[in-house]
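Contents: one structure, followed by commentary.
Since the model is a prediction, treat every value here as computed from it, not as a measurement. Side-chain atoms are counted along with the backbone in the values below, which use heavy atoms only and exclude waters and symmetry mates.
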Amino acid sequence: MNTETGAAAPVLILAIETSCDETSVAVVKDGCEVLANIISSQIETHRAFGGVVPEVASRKHVEVITLVIEEAMTAAGVQPEELTAIAVTQGPGLVGALLVGVVAAKSLALAWGKPLIGTHHIAGHIYANRLVKELQYPCMTLVVSGGHTELVNMEREGEFRIIGRTRDDAVGEAYDKVARALGFPYPGGPHVDRLAHEAEEAVALPRVWLEPDSYDFSFSGLKSAVLNVVNQSKMKGLTPDVAGIARGFQESVVEVLVEKAVRAVKANQAKQLLLCGGVAANKGLREALVSRCEKEGIELIIPPAVYCTDNAAMIGAAAYVKWRHDGSTPLDMVADPGLSLEQWSVSAY
């Protein structure tokens with residue numbers, strides 16, 4: 001409490017994110033105002049391997065974590081004594097990468113005498129939307145990333161219920177595998193998205209709807225269909241229509257994602273549809289969702305690209321919700337690569 005004004009002191013959270021191949025540290029005020037968000041990407045390092053190498057990712061986190069923490073504190077203009085708590089991605093993610101962030105966060109919490117908040121990575125992606133606009137409940141979230149494709153229903157703040165998920169590849173994985181088949185380097189999503197917009201016509205590819213009432217997804221068969229088209233062209237001595245295949249693949253993915261998300265919003269009477277995750281930066285998906293939601297009268301929230309990919313600001317936003325309802329996490333917390341989103345839900349309900 002500010003004794004001069006009578007107003008509550010702001011909640012300042014230093015957040016650390018090291019779940020995969022970005023080392024990021026942010027300072028977030030009251031769960032919605034970003035004072036600093038520093039990101040050190042490893043994309044160029046992993047490009048040579050065609051994907052993320054866990055051991056390499058862990059070592060890169062170790063190399064830069066201290067520097068990124070210092071840069072975030074300087075950019076935010078905040079001193080350690082002003083912080084309310086230290087937040088860190090507890091999981092899911094690569095266990096070695098997670099450990100670097102968890103150890104750094106515990107060290108700061110002990111050195112500075114601050115509470116620790118273990119935070120769920122996907123909850124972070126979801127609450128990145130609160131950095132854009134206040135959320136209204138119930139709301140529906142379409143999570144699309146390299147490792148996750150899920151529809152998450154939220155009846156209340158901090159309460160998560162997964163109603164649909166991928167049964168095989170996540171959409172980001174499918175994009176990378178299709179890009180590789182078309183001859184493009186990692187990460188492949190941006191290349192496929194660009195080609196899809198350049199193509200004059202789409203190569204016809206199947207839509208995987210699964211059972212009529214299912215909100216689940218499947219992209220493995222679609223990936224195989226792309227490989228079949230490429231191989232058949234080569235067997236005939238023809239050059240594959242790379243742009244047309246990219247457009248056909250993207251149209252198939254986007255149509256299924258949009259249709260199931262809109263159906264889920266209506267069935268659960270959600271007030272908002274939130275888009276999150278690295279694939280939320282995909283131009284084709286964003287355009288299709290905006291168009292469909294305008295037609296259906298659904299309020300759509302999409303974070304800017306910097307908050308779609310892995311970053312610590314989103315972890316600070318989710319940690320604020322956890323802090324408000326459940327307080328701090330014990331210092332014996334461990335990195336958990338299989339951490340459940342539903343079990344991480346706040347305990348107030």
Side-chain angles (χ1 to χ4, degrees), residues 1-5 7-20 22-40 57-91 93 95-121 123-124 127-128 130-131 158 307 310-336 339 344 346-347:
M1 178 74 70
N2 186 315
T3 56
E4 293 184 3
T5 65
V11 174
L12 294 178
I13 295 177
L14 175 75
I16 298 173
E17 153 62 23
T18 62
S19 65
C20 190
E22 276 92 16
T23 310
S24 182
V25 180
V27 179
V28 180
K29 177 181 177 181
D30 293 335
C32 60
E33 183 181 345
V34 181
L35 304 185
N37 187 36
I38 308 301
I39 304 170
S40 176
S58 302
R59 290 178 180 273
K60 289 294 180 181
H61 287 310
V62 172
E63 290 175 9
V64 303
I65 185 67
T66 302
L67 296 173
V68 178
I69 291 170
E70 291 176 353
E71 186 174 349
M73 291 290 286
T74 300
V78 172
Q79 297 300 314
E81 58 269 20
E82 298 176 83
L83 294 172
T84 305
I86 311 296
V88 64
T89 302
Q90 182 181 1
V95 65
L98 290 168
L99 278 169
V100 177
V102 168
V103 169
K106 287 184 176 183
S107 300
L108 293 180
L110 285 167
W112 293 344
K114 301 296 179 181
L116 180 70
I117 309 172
T119 308
H120 196 285
H121 181 74
Y127 274 95
R130 190 168 181 264
L131 300 174
Y307 297 140
D310 291 352
N311 68 93
M314 70 182 197
I315 300 303
Y320 174 78
V321 173
K322 192 71 168 176
W323 172 255
R324 284 184 57 205
H325 292 278
D326 292 345
S328 62
T329 305
L331 277 172
D332 61 358
M333 175 198 82
V334 296
D336 185 354
L339 186 63
W344 189 83
V346 301
S347 59

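A pairwise comparison of heavy atoms in Leu98 and Ala335 identifies CB-CB, 3.8 Å as the closest pair. The two residues Ser107 and Val103 come nearest to each other via the heavy atoms OG-O, 2.8 Å. The minimum heavy-atom distance linking Ala26 with Asn37 is given by the pair CB-OD1, 3.5 Å. Of all heavy-atom pairs spanning Ala313 and Tyr307, the tightest one is CB-CE2, 3.8 Å. Closest heavy-atom contact between Trp344 and Ala318: CH2-O, 3.8 Å. Across all non-hydrogen atoms, the minimal contact from Cys20 to Ala57 is O-CB, 3.6 Å.
In this structure the side chain of Val334 never reaches within 4.5 angstrom of the side chain of Val102, judged on heavy atoms. Side chains of Leu83 and Trp112 form a contact here, defined as non-hydrogen atoms less than 4.5 Å apart. Taking the side chain as every heavy atom from C-beta outward, Lys114 and Leu108 never approach each other to under 4.5 Å. Two residues are said to be in side-chain contact when any heavy atoms from C-beta on lie closer than 4.5 Å; Leu12 and Leu35 meet this criterion. Using a 4.5 Å heavy-atom cutoff, the side chains of Thr119 and Thr89 are not in contact.
For Asp310 (side chain) and Glu22 (main-chain N/O), no donor-acceptor pair under 3.5 Å exists by modelled atom type. A side-chain donor-acceptor contact under 3.5 Å links Asp326 to the backbone of Ser347. A donor-acceptor distance shorter than 3.5 angstrom exists from the side chain of Ser24 to the backbone of Ala312, with no hydrogens or angles considered. A distance-only check finds no donor-acceptor pair linking the side chain of Glu17 to the backbone of Val88 [under 3.5 Å]. No side-chain donor-acceptor contact under 3.5 Å links Ser19 to the backbone of Gly93. Under the 3.5 Å distance criterion, the side-chain polar atoms of His120 are matched with a main-chain donor or acceptor of Leu339. No donor-acceptor pair closer than 3.5 Å links the side chain of His121 to the backbone N or O of Ile315. Side chain of Ser328 to backbone of Ile117: no donor-acceptor contact under 3.5 angstrom is found. Remark: side-chain polar atoms of Asp30 are not paired, donor with acceptor, to backbone N or O of Glu33 under 3.5 angstrom. Remark: the backbone N or O of Gly118 is not paired with any side-chain donor or acceptor of Lys322 at under 3.5 angstrom.
With values rounded to the nearest 0.5 angstrom, Thr66 atom OG1 is found 13.0 Å from Glu71 atom CD. Ile38 contributes atom CD1, which lies 11.5 Å from atom CG of Asn311 (distance to the nearest 0.5 angstrom). Note: Tyr320 OH to Arg130 CZ = 6.0 Å, rounded to the nearest 0.5 Å. Interatomic distance, Ile65 CD1 to Ile16 CD1, rounded to the nearest 0.5 Å: 5.0 Å.
Remark: Lys29 NZ is loosely packed, at most 12 non-hydrogen atoms of other residues, nucleotides or ligands lying under 6.0 Å away. No more than 12 heavy atoms of other residues, nucleotides or ligands sit less than 6.0 Å from atom NZ of Lys60.
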